[in-house]
Colleague: 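The structure's right below; bear with me while I get my questions together.
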Amino acid sequence: MRKSEAKQLIEQARAAWDAEEWQRAADLYEQVLAHYPDLEASAVWWYDAALGHKFLGNWEKAYELGVQAAARSPRGEGDPAFWNLGIAATIRRDWATARDAWSGFGIDLPDGEGEIAGRFGNACVRLDTDGEREVVWMERLCPTRGRVLNVPVTGGRRYGEIVVHDGEPKGERVVAGTTYPVFDELLLFEPSDLPTLSVTVAAADQADLEALLQLFTDHDFGAEPDSSLVVHCACCSEGTLHKERSVHAGAQRVSLAAPEDDARRLLDRWAGETAIGRSWSGLEVV
């Protein structure tokens, strides 16, 4: 391939990129890279080709091209080629490459080998299942994975599932003066086997309901009042569901994430404690 022809293909690739024709752009970049893999500009072409496949959800190609992009990028300087490779390697469960990519980006990881199980703080993730969008809280296990801490209302989603999220925040939440990023979900990485239940509880005061929520949390289960749900927030489009802490006394529906037998046992334990006015009824699987 002559350089003049390569130049024309790169111009076509950039035009396809601007039109968000990710597959065509990636294909054109790859045509040039097959002949000119190591020009000074090639690192950007490798990166854009990998990124195009990331947008397409083609993680095998995003990984393959991402390895080449990262190999031509400076380490320890926050180069996004390493971040995108870290995502693709995580999805493939290639932990050695993922760890190297995060280190290449400049992130300190917990010591060890294999799957990363660190403490990267809490954040929000915007779940997206067949067009249904819901923002929930998560505990970040690595730069791109998080465990869901809410009981989602979206069908098929579960408390405790692990999701892969994108690297660029698409909003923020401010709670008690602390700002938390909101990320978009890329895919469900590991499902949870905890079923979602719904129950009506009566509590004499707020502390009684807080005690119920804490009891389930102490047993690694989920529990939260349905009043925690709002239909939209400032960081999301209209119609997006969002979980926000809201606890008050009185009779109300509570969503639970626990095996039914365990849920009944804990509800009975809570209702049978010394506090007056605690009761529950209408436990059902959602």
Side-chain angles (χ1 to χ4, degrees), residues 19-23 51-59 62 80 83-84 86-88 90-91 120-176 178-198 213 217 221-247 252-258 284-286:
E20 299 186 356
E21 297 174 359
W22 312 124
Q23 186 68 60
L51 185 60
H53 284 292
K54 175 195 169 189
F55 291 156
L56 292 167
N58 185 345
W59 299 109
W83 195 283
N84 286 338
I87 293 174
T90 296
I91 290 172
F120 286 77
N122 289 351
C124 294
V125 59
R126 186 177 293 106
L127 304 179
D128 193 345
T129 304
D130 296 329
E132 292 186 69
R133 297 169 69 82
E134 178 180 357
V135 175
V136 297
W137 288 91
M138 65 175 174
E139 174 189 15
R140 297 180 72 192
L141 306 175
C142 77
T144 195
R145 287 160 49 248
R147 179 180 291 108
V148 172
L149 300 176
N150 287 120
V151 184
V153 299
T154 303
R157 305 313 296 262
R158 296 289 183 260
Y159 170 91
E161 66 188 18
I162 297 175
V163 302
V164 175
H165 62 80
D166 209 349
E168 180 185 2
K170 293 298 179 65
E172 61 184 28
R173 302 295 294 172
V174 180
V175 178
T178 299
T179 300
Y180 299 88
V182 178
F183 298 101
D184 284 341
E185 177 188 30
L186 292 176
L187 55 78
L188 174 61
F189 184 80
E190 186 175 311
S192 169
D193 58 2
L194 291 177
T196 301
L197 312 173
S198 182
L213 306 185
T217 298
F221 298 140
E224 59 191 44
D226 288 0
S227 57
S228 295
L229 184 67
V230 296
V231 295
H232 64 86
C233 61
C235 68
C236 305
S237 60
E238 190 75 20
T240 298
L241 303 177
H242 195 104
K243 291 288 188 175
E244 203 59 85
R245 187 71 165 179
S246 176
V247 178
Q252 59 185 297
R253 294 298 287 182
V254 173
S255 294
L256 306 173
E284 60 186 19
V285 178
V286 176

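Residues take their numbers from the sequence shown, with the count starting at 1. Since we're looking at a predicted model, the values are computed, not measured.
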Colleague: Would you say R126's side chain and K170's backbone share a donor-acceptor pair under 3.5 angstrom?
Modeller: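 At least one qualifying donor-acceptor pair exists.
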Colleague: What I'd like to find out is whether the side chain of F183 reaches to under 4.5 Å of the side chain of T144, using heavy atoms alone.
Modeller: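 The answer is no, as the side chains (C-beta and beyond) never meet within the 4.5 Å cut-off.
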Colleague: Side chains of R145 and T90: any donor to acceptor distance under 3.5 Å?
Modeller: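 No donor-acceptor contact under 3.5 Å links the two side chains.
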Colleague: Between N150 and W137 (side chain of the first, backbone of the second, donor and acceptor by atom type, cut-off under 3.5 Å), is there such a pair?
Modeller: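 Yes, the answer is positive, given that a donor and an acceptor are paired below the 3.5 Å cut-off.
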Colleague: Would you find a donor on one side and an acceptor on the other, under 3.5 Å apart, between the side chain of Y159 and the backbone of T196?
Modeller: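 No, because the side chain of Y159 does not come within donor-acceptor range (under 3.5 Å) of the backbone of T196.
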Colleague: Could you give the distance from CH2 (W59) to CG (L187), rounded to the nearest 0.5 Å?
Modeller: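 So the CH2 of W59 and the CG of L187 are separated by 6.5 Å.
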Colleague: Just how far is it from atom CH2 of W83 to atom NZ of K54, taken to the nearest 0.5 Å?
Modeller: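 Interatomic distance, W83 CH2 to K54 NZ, rounded to 0.5 Å: 10.0 Å.
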Colleague: Decide yes or no for R133 and D184: does some side-chain heavy atom of the first lie under 4.5 Å from some side-chain heavy atom of the second?
Modeller: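 Answer yes - side chains close enough.
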Colleague: Please find the pair of heavy atoms, one from L149 and one from M138, that lie closest to each other, and give the distance.
Modeller: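 Closest pair (atom of L149, atom of M138, distance): CD1-C, 3.7 Å.
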Colleague: Could you walk me through whether V163 and R157 pass side-chain contact (heavy atoms from CB on, under 4.5 Å), step by step?
Modeller: CA-CA 11 Å; V163 302; R157 305 313 296 262; 3.6 Å; yes
Colleague: Can you find a pair of side-chain heavy atoms, one from H53 and one from Q23, that are under 4.5 Å apart?
Modeller: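 They are in side-chain contact.
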Colleague: Side chains of E134 and T154: donor-acceptor distance under 3.5 Å anywhere?
Modeller: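 Yes, side-chain donor-acceptor contact under 3.5 Å.
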Colleague: Is there a side-chain contact between L256 and F221, using heavy atoms and a 4.5 Å cut-off?
Modeller: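 No - every pair of side-chain heavy atoms lies 4.5 Å or more apart.
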